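Have a look at the structure below before the remarks.
Worth saying up front: this structure is predicted, and the values here are computed from it rather than measured.
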Amino acid sequence: MSKTAKLLILLIFATVTVTYGQQAKLKEGDYIVTIQNDTLNGEVRFKNDTLLLFKNAAAANIKYTPDKLKAAQADGNSFTVKQVLGRSKFLQEVVTGYLSLYRFQSVKAGERFFLGRNDTIFVVTPKNIHGIIGFYLKDCPQEKDISVEVIKKLYKYNLKDLISFVSYYNLCKGYQDEQVIKYSPEKTHFKTALSIGLESYRLKLGDKNEDYPGLDFGNKASFVAAMAVSLGKETGFSVRSGLQFTHKEGAAKSLPYPLNNSTSVDVDFSASFLEAPLLFRYTFAGKGIRPYVSFGPHAGVALQSNIQRTPHGFTYTDSYEQKASKLGLSYGVVGNAGVYFPQVFKGMEVEIRADKSNYEHGYDLSDLQSASLQLLVGFYLNK
């Protein structure tokens with residue numbers, strides 16, 4: 001095995017080791033408060049707004065529903081238990097005061113907001129936000145005649161505008177000093193995924209090849225295995241990088257030579273590449289499943305390659321028959337579209353990927369390139 005291959009294998013091992021090492025270490029500052037007022041330190045992770053997973057240094061994940069807890073701290077954010085439409089839920093504290101603002105980031109439904117005063121909690125939606133704001137502003141003497149049109153211009157359905165409204169309302173009611181903002185955005189985190197799939201590829205000689213411009217080798221099958229690390233949130237933009245092993249087998253073509261009618265060279269191609277794609281991904285928000293698209297460059301190195309050329313009908317000593325590992329670097333671009341299933345195992349995704357690659361090699365088949373269509377199924381190692 002070449003030194004390059006050994007280094008890349010060590011890189012894979014190091015990436016997996018670092019990822020699991022980060023997962024094994026408990027988050028500092030996380031805790032839960034039980035209904036018995038006991039504070040327990042450990043790692044806190046929310047499955048949804050009615051289920052929390054807790055892990056301390058000596059135990060596996062313990063499930064808690066809101067009726068068992070009073071509060072929790074996770075990733076620097078404070079959560080409390082509130083009654084919403086007759087059900088207890090974990091809500092994240094954003095602004096606490098005379099009027100309080102809560103939120104929850106749901107894998108299924110995305111970001112949701114709640115307003116609370118005394119024991120009354122309103123669920124804020126894009127449809128009712130301006131009506132709820134108008135209802136509260138009637139308590140402010142200077143805003144009792146404010147119109148819906150003005151409210152729509154001042155406040156949109158987002159966290160920034162809701163914080164602005166709650167701050168203004170508490171100020172107009174004289175409770176500014178009691179307001180405490182405890183919100184911090186979700187931390188960007190790493191997620192590691194393993195993928196396997198099939199590939200249909202087509203080899204081609206580009207127009208730079210003087211003897212056979214545009215020559216097509218036809219469709220052939222191969223397989224793909226990949227490990228990727230995502231950096232970013234589950235919705236919106238993220239960056240995805242990693243390593244991908246691709247094996248291409250069985251492309252063959254008989255190339256006629258213009259010496260006479262009986263001269264030709266049979267070319268057989270096979271190769272294994274280790275590639276490093278860098279994809280910029282956008283995941284669309286949605287309930288349940290989440291579609292996504294991504295695009296980016298990739299580069300790779302041949303672990304094994306074989307281009308065997310067998311001549312026929314030549315009248316002089318043949319120098320064409322070659323069997324060697326002379327493929328070097330590959331480079332190109334890749335784009336894909338897929339669907340992410342957050343509730344299947346720790347997350348599963350199915351995607352179709354289109355790839356265009358060019359190859360550097362020591363043969364006289366200049367401008368060798370390939371176009372591929374891949375079907376991949378991936379599973380996340382951490383959620």
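- The hydrophobic clustering, which links ILVMFWY residues whose side-chain heavy atoms are closer than 4.5 Å, places Phe122 and Tyr168 together.
- No side-chain heavy atom of Phe223 sits less than 4.5 Å from a side-chain heavy atom of Ile196.
- Here the side chains of Leu101 and Val124 are not in contact, with every heavy-atom distance at 4.5 Å or above.
- At least one side-chain heavy atom of Lys82 sits under 4.5 Å from a side-chain heavy atom of Tyr102.
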| task | Just do the ring-ring contact (aromatic ring centres under 6.0 Å, His included) check on Phe113 and Tyr157 with the steps written out, would you? | result | CA-CA 9 Å; Phe113 304 111; Tyr157 184 75; 5.3 Å; yes
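- A search for salt bridge (Lys or Arg N to Asp or Glu O under 4.0 Å) contacts involving Asp216 returns Arg202, not counting sequence neighbours.
- The side-chain contact (heavy atoms from CB on, under 4.5 Å) test applied to Asn61 returns Arg45, Leu53, Lys55, not counting sequence neighbours.
- Side-chain contact check for Phe217 versus Leu205: some heavy-atom pair is nearer than 4.5 Å.
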| message | Please evaluate residues Leu99 and Tyr175 with respect to the criterion side-chain contact (heavy atoms from CB on, under 4.5 Å), reporting the C-alpha separation (whole Å), side-chain torsions for both, the decisive distance (0.1 Å), and the verdict. | response | CA-CA 9 Å; Leu99 178 66; Tyr175 289 95; over 6 Å; no
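- Criterion: ILVMFWY side-chain heavy atoms under 4.5 Å apart, direct or through other members. Under it, Tyr98 and Phe165 are part of a common hydrophobic cluster.
- Nearest approach of Val350 to Tyr292, heavy atoms of both residues: O-OH, 4.1 Å.
- One finds the CD atom of Gln83 at 10.0 Å from the NZ atom of Lys89 (value rounded to the nearest 0.5 Å).
- Taking all atoms of both residues into account, the shortest heavy-atom contact from Asp367 to Asp207 is OD2-N, 3.4 Å.
- Between the side chains of Thr65 and Asp67, at least one donor N or O sits under 3.5 Å from an acceptor N or O.
- By the side-chain contact (heavy atoms from CB on, under 4.5 Å) test, Val148 is found to be paired with Lys152, residues two or more places apart in sequence or in another chain being considered.
- For Ala74, the side-chain contact (heavy atoms from CB on, under 4.5 Å) test picks out Asp30, Val44, Phe46, Phe79, with sequence neighbours left out.
- Val334 forms part of a hydrophobic cluster together with Leu279, judged by ILVMFWY side-chain heavy-atom separations under 4.5 Å.
- A disulfide (SG to SG under 2.5 Å) check over residues 133-172, counting only residues at least two apart or in different chains, returns the pairs Cys140-Cys172.
- Leu154 and Phe135 fall within a single hydrophobic cluster, where Ile, Leu, Val, Met, Phe, Trp and Tyr are joined by side-chain heavy atoms under 4.5 Å apart, directly or via other members.
- If you check the side chains of Glu349 and Tyr380, you find a donor sitting under 3.5 Å from an acceptor.
- The structure places NZ of Lys356 at 7.0 Å from NZ of Lys204, a figure rounded to the nearest 0.5 Å.
- In this structure the side chain of Thr96 never reaches within 4.5 angstrom of the side chain of Thr80, judged on heavy atoms.
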| query | Do Arg112 and Val123 pass the side-chain contact (heavy atoms from CB on, under 4.5 Å) test, and can you show the C-alpha distance, the side-chain angles, and the key distance before you say yes or no? | reply | CA-CA 8 Å; Arg112 294 181 294 172; Val123 181; over 6 Å; no
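- The same ILVMFWY cluster, assembled from side-chain heavy atoms under 4.5 Å apart, contains both Ile133 and Val150.
- The closest side-chain heavy-atom distance from Leu162 to Val95 is not below 4.5 Å.
- The hydrophobic cluster analysis finds Ile35 isolated: no Ile, Leu, Val, Met, Phe, Trp or Tyr side chain comes under 4.5 Å of it, directly or through other members.
- The shortest side-chain heavy-atom distance between Leu278 and Phe280 falls under the 4.5 Å cut-off.
- Under the 6.0 Å cut-off for aromatic ring centres, Phe284 and Tyr282 qualify, their centroids lying closer than that.
- With sequence neighbours left out, the ring pair (Phe, Tyr, Trp, His ring centres under 6.0 Å) criterion links Tyr169 to Tyr136.
- Partners of Lys253 under the salt bridge (Lys or Arg N to Asp or Glu O under 4.0 Å) rule, at least two apart in sequence or in another chain, do not exist in this structure.
- Remark: of the listed residues Lys191, Arg240, Arg281, Arg240 is the sole one forming a side chain to side chain donor-acceptor pair (under 3.5 Å) with Ser230.
- Sparse packing is recorded around NZ of Lys68, with 12 or fewer heavy atoms of other residues, nucleotides or ligands lying under 6.0 Å away.
- Atom OH of residue Tyr31 and atom CG of residue Asn41 lie 9.0 Å apart, to the nearest 0.5 angstrom.
- Using a 4.5 Å cut-off on side-chain heavy atoms (C-beta onward), Ser294 and Arg353 make no contact.
- Listed by chain and residue number, nothing satisfies the salt bridge (Lys or Arg N to Asp or Glu O under 4.0 Å) test with Asp161 (two or more places apart in sequence, or in another chain).
- One distance of note links CG of Leu376 with CG of Leu194; it measures 12.0 Å at 0.5 Å rounding.
- Every ring pair (Phe, Tyr, Trp, His ring centres under 6.0 Å) that Phe379 has, sequence neighbours left out, goes to Phe345.
- The closest donor-acceptor contact from the side chain of His247 to the backbone of Ala225 lies at 3.5 Å or more, if one exists at all.
- Here CG of Asp139 is found 4.5 Å from NZ of Lys173. Values are rounded to the nearest 0.5 Å.
- Every residue meeting the side-chain contact (heavy atoms from CB on, under 4.5 Å) condition with Lys248, not counting sequence neighbours, appears here in chain and number order: Glu199, Tyr201, Ser222, Thr246, Phe269, Tyr359, Ser370, Ser372.
- Summarising the local packing, CG of Asp38 is surrounded by more than 12 heavy atoms from other residues, nucleotides or ligands at distances under 6.0 Å.
- The minimum heavy-atom distance between Ala251 and Lys220, with the atom names listed, is CA-CG, 3.8 Å.
- Put simply, the side chain of Asn158 gets close to the backbone of Lys160: a donor and an acceptor are under 3.5 Å apart.
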| Do Ile146 and Ile151 pass the side-chain contact (heavy atoms from CB on, under 4.5 Å) test, and can you show the C-alpha distance, the side-chain angles, and the key distance before you say yes or no? | CA-CA 7 Å; Ile146 191 171; Ile151 293 174; 3.9 Å; yes
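- Tyr64 OH to Leu51 CG: the interatomic distance, rounded to the nearest 0.5 Å, is 12.0 Å.
- Closest of all the heavy-atom pairs between Pro277 and His298 is CA-CB, 3.6 Å.
- Residue Thr34 comes nearest to Leu69 through the heavy atom pair CA-CD2, 3.9 Å, listed as atom of the first residue, atom of the second, then distance.
- One hydrophobic cluster, built from ILVMFWY side chains closer than 4.5 Å, cannot hold both Val33 and Leu52; they sit in different ones.
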| Verdict with reasoning, Asn336 to Ile352, per side-chain contact (heavy atoms from CB on, under 4.5 Å) | CA-CA 6 Å; Asn336 59 28; Ile352 296 177; over 6 Å; no
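- Between Thr50 and Pro66, the closest heavy-atom pair is O-CD, 3.3 Å.
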